[in-house]
Amino acid sequence: MSEPTRDPAPSTDVTVLGLGAMGSALAIALLDAGRSVTVWNRTPDRAAEPVARGARAAGSVREAVTASPVVVTCLLRYPSIQQTLGPVAGELRGRTLVNLTTTTPNESRELAAWAAGHGADHLDGAIMAVPAMIRSREGQIFYSGSRAAYDTLLPTLEVWATSEFHGEDAGRAALLDLAMLSGMYQMFTGFFHGAAMVATMGMSASEFAARQAPFLSAMTHGLADYGKVVDGGDHTVPGQQSLEFSDLSHLVRASEEQGVDPAPIAAVQALISRQIAAGHGAEGFTRIYESLRLAGAAAGSDEGGAA
């Protein structure tokens, strides 16, 4: 059911929908930078801090949307955007919707089409920062979608973090965001797996972390060289460790011997084994990229090329 029509709210520069830790940080950063801000949250008490800093709390989504020419969504998941904005979609006409809710690439594209259908410009953003990093140059936000909206709003976007525009395909920012998060979460999972292994000999996770962190940091220096090999497409480039030498079955067995689930490292071993079985054992470790890429290509084909 649509919300009842209300008198237009006093005009502000930006409306922020969603006041979790990140949404609140975004709203407060705008206020500190001198912008006027309207805020709304499903649970009204979340608005207390932004309001104390000068924000105007809207009593409804309709009131919040009509208060500003720019509407920022920072909600829990993609369905929350439709649930929140669906009943007031007609009020988006002539406004710019900046989505900072985490979405998949196709969800971002769907949202862009939906916004366009209701006469709104759309810019999709992917935040590569924790709330404490907002207003810091260490934080980054990737954007894709309307170039005109990005150029117009850049002075406001730069209040939050370093901004990068990645093209008019609305899904590109989300794709880059999730690809980077994939590496992060798999790194953390590898740490947890290693911590579980050494726990069997009485080493604490904190003690293990003190050893693991500098080692992982040193290993990241190899990413640039790996990237060059992958981009060149020749996995026989000299200086690499071969797949046959990289066989990790001993690591899988060691994990099992300690009573620890080998799932994280077993997944890597499966990629190695696939390429060895295909006759590429003498090639470098970068060859496992082809296992991942081909699996993705097959999935895209199965879905009619949607990926």
Could you go through residues 254-268 and list every donor-acceptor pair under 3.5 Å that involves a side-chain atom there, pairing it with any protein atom two or more places apart or in another chain?
| residue | atom | partner | partner atom | Å |
| --- | --- | --- | --- | --- |
| Ser255 | OG | His193 | NE2 | 3.0 |
| Ser255 | OG | Val260 | O | 2.8 |
| Gln258 | NE2 | Thr200 | OG1 | 2.8 |
| Asp261 | OD1 | Ala263 | N | 2.9 |

Original post:
side-chain contact (heavy atoms from CB on, under 4.5 Å) between Val14 and Val98: does it pass, once the steps are laid out?
Top reply: CA-CA 10 Å; Val14 181; Val98 180; over 6 Å; no
**OP:** Could you list the residues that satisfy side-chain hydrogen bond (donor to acceptor under 3.5 Å, both in side chains) with Ser146, not counting sequence neighbours?
**Re:** Asp121
**OP:** For Ser273, check side-chain hydrogen bond (donor to acceptor under 3.5 Å, both in side chains) against everything at least two apart and list the hits.
**Re:** Gln269
Just jot down the side chain to side chain contact (heavy atoms under 4.5 Å, CB included) partners of [X], sequence neighbours excluded, or say none.
X      : answer
Thr101 : Thr73, Leu75, Ile81, Asn99
Ser242 : Glu244, Phe245
Arg147 : Tyr150, Asp151, Phe165, Glu168
Ser136 : Glu138

Original post:
Is any NZ, NE, NH1 or NH2 atom of the basic residue among Glu107 and Arg77 found under 4.0 Å from an Asp or Glu carboxylate oxygen of the other?
Top reply: no
Subject >> All pairs passing ring-ring contact (aromatic ring centres under 6.0 Å, His included) where residues 86-136 contributes a residue, at least two apart >> reply: Trp114-His118
**OP:** Scan for ring-ring contact (aromatic ring centres under 6.0 Å, His included) pairs involving residues 197-219, sequence neighbours excluded, and state none if there are none.
**Re:** Phe191-Phe208
Return all side-chain donor-acceptor pairs below 3.5 angstrom for residues 171-185, not counting sequence neighbours, or 'none' if the list is empty.
| residue | atom | partner | partner atom | Å |
| --- | --- | --- | --- | --- |
| Arg172 | NE | His166 | O | 2.5 |
| Ser182 | OG | Gln186 | NE2 | 2.7 |

Original post:
Side chains of Tyr289 and Tyr226: does their closest heavy-atom pair fall under 4.5 Å?
Top reply: no
**OP:** Show which residues join Val237 in its hydrophobic cluster (side-chain heavy-atom contacts under 4.5 Å, direct or indirect), or state none.
**Re:** Val229
Subject >> Transitive ILVMFWY cluster of Met133, excluding itself - 4.5 Å side-chain cut-off >> reply: Val130
